[in-house]
Number of protein chains: 2
Amino acid sequence: MEEGTSTSPGYCCDTEGEFNDAFQWDAREDCEVRQILDRIADKWSLLVVALLEHRKLRFTELRREIDGISQRMLTVTLRHLERDGLVRRTVHPTVPPRVDYALTPLGVTLHQTVQTLVAWTDANQREIAAARAAYDRREAEFAAAQ
Amino acid sequence: MEEGTSTSPGYCCDTEGEFNDAFQWDAREDCEVRQILDRIADKWSLLVVALLEHRKLRFTELRREIDGISQRMLTVTLRHLERDGLVRRTVHPTVPPRVDYALTPLGVTLHQTVQTLVAWTDANQREIAAARAAYDRREAEFAAAQ
DNA sequence: CCGTATCCCTTGGGATACTG
DNA sequence: CAGTATCCCAAGGGATACGG
């Protein structure tokens, strides 16, 4: 079940917006952007998508490649991605069972899009680290002054 | 404190990668990409950034515009964004106090980057919704067959 | 090999009350 | 107005054990 399907559109149609951004979303929790962002942003999804970029992988292969993931969370993550049409699950009726996972075309486009964000992170991580350090230093000085 | 500062680099340096992606990240939890993704993916950050795109806003103005946010979470979110150098907080020493928030140049570039993700979501929400519906239908049929 | 089921702990985040 | 401080609950996710 898990909803996410039958809720109202949620994406903000620009009703008399004072600023005409190309995109603008509202604050509702059932917003489509939120739904999908939550998927993208959970602890493991992007890692799975990244690993599947160029190749099919079996369950156990994914498990080995993703350091620290529990069996449960790998299953849950894969099911979510499959439900969203981002990953295709193929079961080979052999014994012992063999299941492999691959990106769908939609999954590939998501991966490409996410790369721009990763690129941004890569380009700005030093600046962010510096900002954090500066903030923490100011905070420490302030605390010391008390 | 809150770490995030002193941990090891965490971003995968491409040591003998069999696939030479432009970007590739490892599975470590302290990965820089994760750190920053966690920030942009939390419940309110992007909403705040979006609202600040073109204008400064005061604390209460943000609170009014973001439907459903608690006072506590607005404070926490703003502090995080400020610490990361994405938002600048300006206190006017008047009485009653006046504080306003604006994006830094870095914050502006983040916002722009995120827009590509929002655009992807916008372009593909129907396909995702359809995939979910199909998945749920198959699941329901399977359950009925039991 | 590929999962599901259960238990349990940690974290995110809402409600409320209080301060400079 | 612009926050802090406290309490508390629900969801996320790890560990473990079992099943087809």
Side-chain angles (χ1 to χ4, degrees), chain A residues 1-4 27-30 34-35 37-48 56-83 87-102 139 142-143 146, chain B residues 1-4 27-30 34-35 37-48 56-83 87-102 139 142-143 146:
Chain A
M1 295 303 133
E2 290 190 41
E3 41 251 83
R28 280 176 288 168
E29 299 202 341
D30 59 346
R34 270 254 71 85
Q35 300 272 340
L37 204 64
D38 285 347
R39 179 81 351 109
I40 292 176
D42 70 15
K43 198 171 178 185
W44 304 109
S45 291
L46 281 189
L47 222 30
V48 171
K56 299 180 162 188
L57 286 176
R58 303 177 57 175
F59 187 87
T60 317
E61 290 170 341
L62 281 167
R63 188 153 155 60
R64 261 199 307 271
E65 295 238 31
I66 305 178
D67 182 59
I69 196 172
S70 63
Q71 202 165 6
R72 178 179 173 277
M73 286 316 296
L74 181 54
T75 305
V76 171
T77 303
L78 286 168
R79 289 293 179 281
H80 282 160
L81 293 172
E82 188 193 0
R83 189 172 104 103
V87 158
R88 177 169 29 248
R89 176 171 180 266
T90 313
V91 184
H92 301 92
T94 61
V95 48
R98 178 190 180 93
V99 179
D100 48 37
Y101 295 90
E139 204 181 38
F142 179 76
Q146 297 311 73
Chain B
M1 296 302 133
E2 290 191 40
E3 38 250 85
R28 279 177 288 168
E29 299 202 342
D30 60 347
R34 270 254 70 84
Q35 301 272 339
L37 204 63
D38 286 349
R39 179 82 351 110
I40 73 159
D42 69 15
K43 198 171 178 184
W44 304 109
S45 291
L46 282 188
L47 223 30
V48 170
K56 299 180 163 191
L57 287 176
R58 304 178 57 176
F59 187 88
T60 318
E61 290 169 341
L62 280 167
R63 187 152 156 63
R64 260 198 308 270
E65 296 238 29
I66 305 178
D67 182 58
I69 196 171
S70 64
Q71 201 165 8
R72 179 179 171 279
M73 285 317 297
L74 181 54
T75 304
V76 172
T77 302
L78 286 168
R79 289 293 180 280
H80 281 161
L81 292 172
E82 188 193 0
R83 189 172 104 102
V87 157
R88 177 168 30 249
R89 176 171 180 268
T90 312
V91 184
H92 300 93
T94 60
V95 48
R98 178 190 181 94
V99 179
D100 48 36
Y101 294 90
E139 204 181 39
F142 180 76
Q146 298 312 70

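Chain identifiers are assigned alphabetically (A, B, ...) following the order of the sequence lines, protein sequences preceding nucleic acid strands; residue numbering begins at 1 within each chain.
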**Asked** Contact class for B:T60 vs. all strands (heavy atom < 4.0 Å): base, sugar-phosphate, or nothing?
**Response**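 Sugar-phosphate contact only - B:T60 comes under 4.0 Å of backbone atoms but never of a base.
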
**Prompt:** So what does A:R63 touch, heavy atoms closer than 4.0 Å: a base, only the sugar-phosphate, or nothing?
**Reply:**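 No contact at all - A:R63 keeps every heavy atom at 4.0 Å or more from the nucleic acid.
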
Using atom [atom1] of [X] as one end and atom [atom2] of [N] as the other, report the distance to the nearest whole Å.
X      : N      : atom1 : atom2 : value
B:H80  : D:dG3  : NE2   : C1'   : 16 Å
B:Q71  : C:dC18 : CD    : C1'   : 11 Å
B:E82  : D:dA2  : CD    : P     : 15 Å
A:F59  : D:dG20 : CZ    : P     : 17 Å
A:D100 : C:dG3  : CG    : P     : 10 Å
A:L47  : D:dG13 : CG    : P     : 13 Å
B:L62  : D:dG3  : CG    : P     : 10 Å
A:R58  : C:dG3  : CZ    : C1'   : 13 Å

What protein N or O atoms touch nucleotides 7-13 of chain C N or O atoms at under 3.5 angstrom, if any, and at what distances?
residue: C:dG13; atom: OP1; partner: B:K43; partner atom: N; Å: 3.4
residue: C:dG13; atom: N7; partner: B:R72; partner atom: NH1; Å: 3.3
residue: C:dG13; atom: N7; partner: B:R72; partner atom: NH2; Å: 3.3

**Item:** Sole residue of A:D100, A:V48, A:L62 in side chain to side chain contact (heavy atoms under 4.5 Å, CB included) with A:L57
**Value:**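 Single side chain to side chain contact (heavy atoms under 4.5 Å, CB included) partner of A:L57 among A:D100, A:V48, A:L62: A:L62.
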
**With sequence neighbours excluded, residues passing side chain to side chain contact (heavy atoms under 4.5 Å, CB included) with B:T60** =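 B:T60 satisfies side chain to side chain contact (heavy atoms under 4.5 Å, CB included) with B:R64 only.
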
**Request:** With sequence neighbours left out, write down each residue that passes side chain to side chain contact (heavy atoms under 4.5 Å, CB included) with B:R72, or none if nothing qualifies.
**Result:**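 Side chain to side chain contact (heavy atoms under 4.5 Å, CB included) list for B:R72, sorted by chain: B:S70, B:V76.
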
**Asked** When you check the phosphate oxygens OP1 and OP2 of D:dG3, does a side-chain N or O of B:Y101 lie under 4.0 Å from one of them?
**Response**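 True: B:Y101 side-chain N/O within range (under 4.0 Å) of D:dG3 OP1/OP2.
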
**Asked** Can you check whether B:R79 has a side-chain N or O nearer than 4.0 Å to OP1 or OP2 of D:dA2?
**Response**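 For B:R79, the contact criterion (side-chain N or O under 4.0 Å from OP1 or OP2 of D:dA2) is not met.
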
**Message:** Given C:dC2, D:dG3, C:dC1, identify the nucleotide with an atom nearest to the side chain of A:P96.
**Reply:**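 Of C:dC2, D:dG3, C:dC1, C:dC1 is nearest to the side chain of A:P96.
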
**Request:** Could you check A:T77 against A:L47 for side-chain contact (heavy atoms from CB on, under 4.5 Å), going step by step and ending with a plain yes or no?
**Result:** CA-CA 10 Å; A:T77 303; A:L47 222 30; over 6 Å; no

Nearest heavy-atom neighbours spanning [X] and [Y]:
X     : Y     : answer
B:E61 : B:R58 : OE1-N, 2.7 Å
A:L46 : B:L37 : CD1-CD2, 3.3 Å
B:Q71 : B:R63 : N-NH1, 3.4 Å

**Item:** Counterpart residues, side chain to side chain donor-acceptor pair (under 3.5 Å), relative to A:R89 (two or more places apart)
**Value:**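 For A:R89, the residues satisfying side chain to side chain donor-acceptor pair (under 3.5 Å) (neighbours in sequence not counted) are A:Y101.
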
**Request:** Would you please name every residue forming a side chain to side chain donor-acceptor pair (under 3.5 Å) with B:D42, sequence neighbours left out?
**Result:**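 For B:D42, the residues satisfying side chain to side chain donor-acceptor pair (under 3.5 Å) (neighbours in sequence not counted) are B:S45.
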
**Asked** Could you give the angle between the helix axes at the two ends of the helix from C:dC1-D:dG20 to C:dG20-D:dC1, with five pairs per end, rounded to 10 degrees?
**Response**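 The end axes of the helix from C:dC1-D:dG20 to C:dG20-D:dC1 are about 40° apart, to the nearest 10°.
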
